[in-house]
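The next block holds one structure in the form of structure tokens; read it before the comments.
Each residue takes its place number in the sequence, starting with 1. It should be emphasised that the depicted structure is a prediction, and the values quoted were computed from it without experimental measurement. Atoms within a ligand are numbered from 1 in the order they appear, just like the ligands themselves.
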Amino acid sequence: MRIALAGFWLESVTFLPDQTGIVEFERSAKRGKDLIIGFQNTATPQGGLIDVLISEGAEVIGIVDAGVGAAASASDAAYKKYLSEIIVGLDSIKEEIDGVALHLHGALATPSNRKADAHILEAVREVVGPKIPIACAMDYHANVAPESIGAANIITGFRYSPHTDMWETGARAARLLARTIRGEIKPVMAMAKPGIALPSVFSATQLEPLSELVALAETSTGDGPLLDCSFFGGFSYADTPDTGITALAVADSDAEVAKNWVQSMAAKCWELKDQLFREDLIHDVEKGVEYALKLKQCSNKPVCILEHADRLNDSTYVLKELLKKGASKVYAPFMFDPDLADLANQAGVGARIEQPMFGKSSSRAGGAINASARVLWAGQLKFPITGPLKTGMEIDLGPSALIELQGILISVISVQWSAIDMDCFYQFEGLKPEDFDIILLRSKTHFREIYEPMCSEIVIIDTPDWGPAKLSALPYECLPKGVFPVTI
Ligand SMILES: [Zn+2]
């Protein structure tokens with residue numbers, strides 16, 4: 001069995017002013033044998049695909065895999081380049097392969113293409129022809145397009161957010177692909193959209209009643225002809241015609257079974273729609289900071305503040321409020337400001353630096369902080385991830401620094417990256433979570449795996465940034481009519 005493997009993935013925040021270009025994608029790009037070696041035994045969807053396909057006796061041929069976590073839309077040039085690499089690569093080996101394994105996020109968009117994942121799948125189908133099975137592992141935050149299920153044979157998504165089951169998702173896709181090639185199953189798919197756009201902060205799958213819907217996808221899988229069931233939370237900060245929750249099922253030969261399952265799931269989602277929006281968990285900046293400072297007085301553990309609407313890791317709303325209140329023993333990890341990181345590296349450890357800091361990435365980032373800070377550490381930050389997500393994958397955050405700003409400790413990075421695990425402590429000698437009263441994060445859901453047990457409480461603060469809980473604050477253009485709560 002010979003399987004071609006490729007991937008191109010990005011959670012596109014289409015509202016952001018910039019674009020994610022080839023330079024950003026090339027940081028993670030792997031090709032040929034490097035792609036196989038680089039992802040083998042890693043907690044990633046590619047790792048799951050590769051490990052299981054090899055254990056099924058397949059030879060896996062790496063074409064290209066490139067991606068960025070969550071950032072502005074992909075540039076049209078980047079999309080064209082990686083799509084072309086995938087198609088040219090497949091074209092050259094299409095006579096020798098039995099199947100195609102892909103990892104796509106499902107919320108990829110470019111300025112001129114809001115159905116980019118579907119178009120990749122359609123282009124792959126066109127080049128390999130109708131007979132070669134295509135399996136695709138997608139992110140839980142995919143906005144699945146109907147065209148995608150027309151082009152692929154198998155689509156399955158992460159079940160959880162935090163995405164602790166990336167490997168398992170790749171593994172499920174790989175097993176179904178191998179069984180299809182061996183002629184044991186004939187997968188058919190159906191999908192349904194209830195018409196609900198969920199803010200990322202409410203997409204954490206342990207929140208009630210979302211957890212009930214997620215559990216249904218898992219328990220239905222393997223039920224008679226249902227080979228695989230997915231519940232996709234969708235990604236509301238990608239403005240596309242397909243944005244929102246999707247139920248998707250893969251059944252063995254029986255399209256009706258798949259259709260019935262997705263329709264009943266869509267109906268359940270609609271029934272629960274009001275309860276999915278956990279507004280009770282949200283604070284505004286002033287009250288949220290006040291509440292967090294009060295909480296700390298009665299707790300032995302740090303309090304985690306979540307400035308979740310920040311999509312560019314540099315918002316200053318909460319930081320300014322903490323400074324105003326004179327808070328100390330605060331750590332704000334992995335804040336994005338390449339100019340500041342450069343300046344700290346030039347100035348060196350012990351120096352005082354002064355320039356507008358953070359809050360500059362867009363008009364909604366809260367505005368820069370003008371103050372003087374002391375450099376505690378400066379250097380290049382490159383390491384293999386130790387956390388439960390993407391474990392073992394090497395990342396390079398570029399020139400970085402640890403600075404102290406009026407009693408608040410901040411790690412500054414040059415590449416967009418969210419602190420979700422212990423690496424934001426481990427990578428700086430001597431930093432320990434227990435030394436802080438408040439840890440200020442910008443993750444959406446992934447941090448919960450580590451920070452929920454470590455902190456006394458997660459205080460979610462909503463700000464007028466590009467990823468707010470109030471979706472009506474965003475200038476949607478592509479979202480169709482009838483999507484709750486935005487266009488209904
Ligand atoms: Zn996701």
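- A salt bridge does not link R27 with D396: none of the charged nitrogens is closer than 4.0 Å to a carboxylate oxygen.
- Within the coordination shell of the Zn ion (ligand 1), defined by N, O or S atoms under 2.8 Å, H446 is absent.
- Summary: ND1 is the N/O/S atom of H141 found nearest to the Zn ion (ligand 1).
- Figure legend: R364 and W466 shown as a cation-pi pair, the cationic atom lying under 6.0 angstrom from the six-membered ring centre and within 45 degrees of its axis.
- Residue A365 comes nearest to D314 through the heavy atom pair CB-OD1, 3.7 Å, listed as atom of the first residue, atom of the second, then distance.
- Ring geometry for H103 versus W9: interplanar angle of 30 to 60°, hence tilted.
- Among the heteroatoms counted here (N, O or S) of D139, OD1 is the one nearest to the Zn ion (ligand 1).
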